[in-house]
Amino acid sequence: MALELHRRAELAGIRRVGIPRALMYYRYGIAWRTFFQELGCEVVLDAPSDRGTLEVGDHLSVDECCLASKLFLGHVAALVEQDVDAVFVPSLMGYGRFDTFCTKFQALPDLVENAFAVANKRVRVISLRIDELKGETEQDAYLGLAARLGASRKDAKRAYRAASADQRDYDASMAREQERLIKSLAKLPEQERPLTILVAAHPYVSHDPFVGGVVEDALRELGACVLFADETDKPRALKKSYEFSHSIPWMVNRELIGSILMLHNQVDGIVLMSAYPCGPDSMCDDAIERCIKGKPILTLTVDAQAGTAGVETRVESFVDILSYQKKGGYLNA
């Protein structure tokens with residue numbers, strides 16, 4: 001019995017938990033922070049992404065990894081320098097047959113440990129695994145991690161409930177805020193309404209200041225109103241995506257596609273942004289361009305070599321075209 005309790009509480013000494021400000025932090029970060037804080041841990045975040053983050057991550061990574069994965073490794077390295085007890089790196093498999101995640105999220109703990117081992121750098125990874133198709137539910141995964149951290153069953157359930165509620169409330173508040181913005185735009189006279197651009201990208205692309213921040217800043221400086229496909233009602237967007245396809249397996253891509261369909265009539269143009277070489281995006285973005293008609297689409301791909309070079313110029317050209325079209329285009333030339 002004593003040996004079993006020791007195994008269950010093998011992480012009990014961990015008090016400073018680092019959470020990389022990258023990848024699915026932009027989707028589940030609120031829940032993660034609340035969960036660890038409710039268990040009495042100090043949550044440590046590193047600084048937002050910049051060129052230095054990418055350079056460090058690129059050095060740790062193999063060439064085949066996408067830009068977002070390289071940024072993630074750079075954030076892990078930054079947290080190691082902050083003397084954390086461990087870095088939280090979850091393994092996200094999926095919530096169902098058509099609610100899965102990219103393989104990089106599934107193998108991320110191994111990727112981190114192997115990358116740092118090759119570089120002769122020490123990192124302690126703590127993780128959980130969510131794969132509901134194989135019976136590894138989200139709640140069980142969180143409760144299992146809490147037990148390994150030395151929490152009682154009661155405290156673990158309380159922490160999980162608080163984490164789920166905080167993430168749900170945050171997502172709902174972002175969706176309500178964007179919906180209010182859309183309604184306020186609709187009340188404006190047509191000639192006073194600014195160009196409304198929908199940025200459709202994984203949240204770790206659209207909301208990372210080093211990647212999507214450049215696009216958002218450029219659009220706002222040009223006077224455009226920016227909406228985000230990941231800030232709609234996620235359950236509604238997921239359901240709506242089945243009108244587009246019944247076979248797309250990736251949950252986040254489904255949410256983005258459903259959001260595009262929901263907001264199609266409220267926007268003047270769409271910016272599809274991807275981190276090279278994202279496999280799911282390479283398939284889904286191409287399908288979006290081919291099958292969703294009636295709105296101009298700008299496709300942007302950011303890689304580790306060029307970064308965001310030239311992005312501002314392409315965004316400016318896109319906005320110029322939309323502005324000209326809104327004024328009547330060639331029909332009134």
Side-chain angles (χ1 to χ4, degrees), residues 23-31 68 92 94-96 98-102 105 138 164-188 193-208 211-213 215-216 219-220 224-246 248-275 278 280-281 283-285 287-289 291-300 322:
L23 290 180
M24 297 308 277
Y25 170 80
Y26 288 99
R27 177 69 169 80
Y28 298 111
I30 300 296
L92 304 177
Y95 290 90
F98 299 113
D99 299 322
T100 66
F101 294 94
C102 169
F105 299 124
E138 179 182 88
S164 299
D166 282 359
Q167 186 68 59
R168 187 169 54 251
D169 291 346
Y170 175 79
D171 291 342
S173 69
M174 298 303 290
R176 286 194 302 269
E177 183 176 332
Q178 184 155 278
E179 186 62 32
R180 283 195 294 267
L181 175 59
I182 293 170
K183 289 180 179 179
S184 67
L185 291 171
K187 294 177 182 178
L188 294 174
R193 196 177 305 161
L195 283 174
T196 304
I197 310 297
L198 177 65
V199 176
H202 287 266
Y204 53 82
V205 173
S206 58
H207 300 300
D208 188 296
V211 187
V215 173
E216 180 182 358
L219 287 170
R220 295 193 190 281
C225 178
V226 182
L227 305 180
F228 291 98
D230 67 293
E231 291 183 355
T232 56
D233 184 309
K234 290 181 174 60
R236 283 181 57 206
L238 193 63
K239 183 177 180 180
K240 186 74 173 177
S241 72
Y242 283 89
E243 297 179 11
F244 183 86
S245 170
H246 280 271
I248 293 174
W250 305 292
M251 175 177 162
V252 178
N253 287 90
R254 277 201 169 278
E255 291 174 347
L256 296 176
I257 289 171
S259 181
I260 292 172
L261 297 178
M262 290 165 59
L263 299 177
H264 189 268
N265 294 331
Q266 280 76 47
V267 300
D268 298 297
I270 301 168
V271 175
L272 284 178
M273 196 171 185
S274 181
C278 178
D281 280 359
M283 297 182 65
C284 293
D285 287 0
I288 290 169
E289 290 183 273
C291 301
I292 296 182
K293 305 297 184 181
K295 297 295 177 183
I297 296 177
L298 170 64
T299 302
L300 297 174
L322 292 180

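Just so we're clear, the structure is a prediction, and the values are computed from it rather than from any experiment.
Considering only heavy atoms from C-beta on, D230 stays 4.5 Å or farther from R27 through its side chain. Contact annotation: the side chain of F98 never approaches that of H246 to less than 4.5 Å [non-hydrogen atoms, C-beta and beyond]. In this structure, V267 and I197 have side chains that are not in contact, with every pair of non-hydrogen atoms separated by 4.5 Å or more. Annotation: side chain of S259 is not in contact with side chain of D233 (no heavy-atom distance under 4.5 Å). Annotation: side chain of F228 is in contact with side chain of V226 (closest heavy-atom distance under 4.5 Å). Two residues are said to be in side-chain contact when any heavy atoms from C-beta on lie closer than 4.5 Å; I270 and I260 meet this criterion. In this structure the side chain of I257 never reaches within 4.5 angstrom of the side chain of S245, judged on heavy atoms.
When all heavy atoms are compared, the tightest approach of F244 to I288 is CZ-N, 4.1 Å. E255 approaches L238 most closely through the heavy-atom pair CG-CD1, 4.1 Å. When all heavy atoms of I182 and Q266 are compared, the closest pair comes out as CG2-CG, 3.5 Å. Of all heavy-atom pairs spanning C102 and W250, the tightest one is N-CD1, 4.1 Å. Residues A68 and Y204 come closest through the heavy atom pair CB-CE1, 3.5 Å. Taking every heavy atom of both residues into account, L92 and F101 meet most closely at O-CB, 3.5 Å.
When atom types are taken as modelled, the side chain of D268 and the backbone of T196 share a donor-acceptor pair closer than 3.5 angstrom. Within the 3.5 Å criterion, the main-chain N or O of P249 finds a donor-acceptor partner in the side chain of T100. In this structure, the side chain of E231 does not engage the main chain of A175 through any donor-acceptor pair within 3.5 Å.
If you take NZ on K295 and NE2 on H264, they are separated by 6.0 Å, rounding to the nearest 0.5 Å. Remark: E179 CD to R176 CZ distance equals 11.5 Å, nearest 0.5 Å. Atom CD1 of I297 and atom CG of L272 lie 5.5 Å apart (nearest 0.5 Å). To the nearest 0.5 Å, the span separating CG on N253 from SG on C278 amounts to 6.5 Å. In this structure, CG in D171 is found 4.0 Å from NZ in K234, a value given to the nearest 0.5 Å. Atom CD1 of residue I292 and atom CG of residue L261 lie 4.5 Å apart, to the nearest 0.5 angstrom.
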- Verdict with supporting geometry, E243 and K240, salt bridge (charged side-chain N to carboxylate O under 4.0 Å, His left out): CA-CA 6 Å; E243 297 179 11; K240 186 74 173 177; 3.1 Å; yes

- Query: Taking it one step at a time, do Q178 and L263 satisfy side chain to side chain contact (heavy atoms under 4.5 Å, CB included)?
  - Reply: CA-CA 11 Å; Q178 184 155 278; L263 299 177; 4.0 Å; yes

- Message: Between L227 and L181, does the side chain to side chain contact (heavy atoms under 4.5 Å, CB included) criterion hold? Intermediate values first, please.
- Response: CA-CA 9 Å; L227 305 180; L181 175 59; 3.7 Å; yes

- Should S241 and I248 be marked as a side chain to side chain contact (heavy atoms under 4.5 Å, CB included) after you check the CA-CA gap, both sets of side-chain angles, and the distance that decides it? CA-CA 9 Å; S241 72; I248 293 174; over 6 Å; no

- Message: Pair H202, S206 - check side chain to side chain contact (heavy atoms under 4.5 Å, CB included), show working.
- Response: CA-CA 6 Å; H202 287 266; S206 58; over 6 Å; no

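Judged purely by distance below 3.5 Å, without hydrogens or angles, the side chains of E138 and Y95 pair a donor atom with an acceptor atom.
R220 CZ: more than 12 foreign heavy atoms inside a 6.0 Å radius.
When V211, D281, V199, L300 are each tested for a side-chain contact (heavy atoms from CB on, under 4.5 Å) with V205, only one passes: V211.
Taking the ring axis of Y242 as reference, the NZ or CZ atom of R254 stays within 45° of it and closer than 6.0 Å to the ring centre.
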